[in-house]
Structures are given as structure tokens and as C-alpha cells.
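We number each residue from 1, following the sequence as shown.
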Amino acid sequence: MKKYYVYIMSNASRTLYIGMTNNLRTRISQHQEKLIPGFTERYNVTKLIYFEEYDDVRYTITREKEIKKWRREKKIKLIESMNPNWEEIIL
């Protein structure tokens, strides 16, 4: 069964980026190697700090949109529930 991921990346100044993908390892590498133009490239957002895994692409998209709408404080609580020290997750 195919897996889908909602992920949160950050940088040294704790700027947050939320995305979704069906291949987490490849997508994180693309961000780290600056192969995806835009926000993560511009702000040097290269550190994976949180992710969730799902089987349903529709739910994954809904979850990504939900998290993006949250206030920063709620996003931080979510991250710190799994990764209290904001350590980079190595896949």
C-alpha cells in the first residue's frame, strides 16, 4: 500500500515549512539540495523536524491544509510532542 506524508521542516532560525509527499526521503533530499525553487530554497529550510504517515492521499492533503492554517504556537506544540529539542530527523 502506498504511503503519504505530511512533514514539517525548519532552519536555524526556526522558520517552518509544511508540505506533503508520497516519498519523504526523496522530497527531503530535494529540499536539502535546493532542487525545489521557492520558500525552502529562499529561507534555507533544510531540516526535517516532524512528519506523519498516512495511507489515504485525500486525508493527507486535508491534514496538511489543516496544519498550515494553525497558529505558530499550535504547530510548535505538535512538533515538540514528537521532537521536543527540534533535532533533525534522519531518514
Check the hydrophobic clustering (I, L, V, M, F, W, Y; side-chain heavy atoms under 4.5 Å; chains of links allowed) and say if Leu35 and Tyr17 are grouped together. no
Thr46 versus Lys34: any side-chain heavy-atom pair under 4.5 Å? yes
So for atom NZ, which belongs to Lys68, do other residues, nucleotides or ligands contribute more than 12 heavy atoms lying within a distance under 6.0 Å? yes
Among residues at least two apart in sequence or on other chains, which ones pass side-chain hydrogen bond (donor to acceptor under 3.5 Å, both in side chains) with Thr26? Asn23
Starting at CG of Leu16, measure out to CD1 of Ile76 and round the result to the nearest 0.5 Å. 6.5 Å
Please list, chain by chain and in numerical order, all residues satisfying side-chain hydrogen bond (donor to acceptor under 3.5 Å, both in side chains) with Arg72, sequence neighbours excluded. none
Side chain to side chain contact (heavy atoms under 4.5 Å, CB included) with Asp56: which residues, sequence neighbours excluded? Arg58, Tyr59
Checking Phe51 now: which residues fulfil ring pair (Phe, Tyr, Trp, His ring centres under 6.0 Å) with it, not counting sequence neighbours? none
Sorted by chain and number, sequence neighbours left out, ring pair (Phe, Tyr, Trp, His ring centres under 6.0 Å) with Tyr50 holds for none
For His31 and Met9, work out which heavy atoms get closest and say how close. CD2-SD, 3.4 Å
Rounded to the nearest 0.5 Å, what separates atom CG in Leu24 from atom OH in Tyr7? 8.0 Å
Side chain to side chain contact (heavy atoms under 4.5 Å, CB included) against Lys65, all qualifying residues, sequence neighbours excluded: Ile61
Return the set of residues passing side-chain hydrogen bond (donor to acceptor under 3.5 Å, both in side chains) with Tyr4 (not counting sequence neighbours), or none when no residue passes. none
Partner residues of Glu73 under the side-chain hydrogen bond (donor to acceptor under 3.5 Å, both in side chains) criterion, sequence neighbours left out: Arg71
Can you give me every donor-acceptor pair (side chain of residues 84-91, partner residue at least two apart or in another chain, under 3.5 Å) with its distance?
from, atom 1, to, atom 2, distance (Å)
Trp86, NE1, Glu80, OE2, 2.9
Glu88, OE2, Gln32, NE2, 3.2

Using modelled atom types and a 3.5 Å cut-off, is there a donor and acceptor pairing between side-chain atoms of Ser29 and backbone atoms of Arg25? yes
Can you tell me which residue pairs pass the salt bridge (Lys or Arg N to Asp or Glu O under 4.0 Å) test with a partner in residues 36-52, sequence neighbours excluded? Glu52-Arg63
Where is the tightest heavy-atom contact between Ile8 and Leu48, given as atom of each residue plus distance? O-CD1, 3.6 Å
Do Gln30 and Thr40 come close enough that some side-chain heavy atom pair is under 4.5 Å? no
Look only at the side chain of Thr60 and the backbone of Tyr5, and say whether a donor-acceptor pair between them is shorter than 3.5 Å. no
Please find the pair of heavy atoms, one from Ile18 and one from Glu64, that lie closest to each other, and give the distance. O-OE2, 3.8 Å
Given the rule that I, L, V, M, F, W and Y join up when any side-chain heavy atoms are under 4.5 Å apart, are Phe39 and Ile36 in one cluster? no
Calculate, to the nearest 0.5 Å, the distance between atoms OG and CD1 belonging to Ser10 and Ile49 respectively. 4.5 Å
Could you name each residue pair satisfying salt bridge (Lys or Arg N to Asp or Glu O under 4.0 Å) that touches residues 1-19, not counting sequence neighbours? Lys3-Glu53, Lys3-Asp55
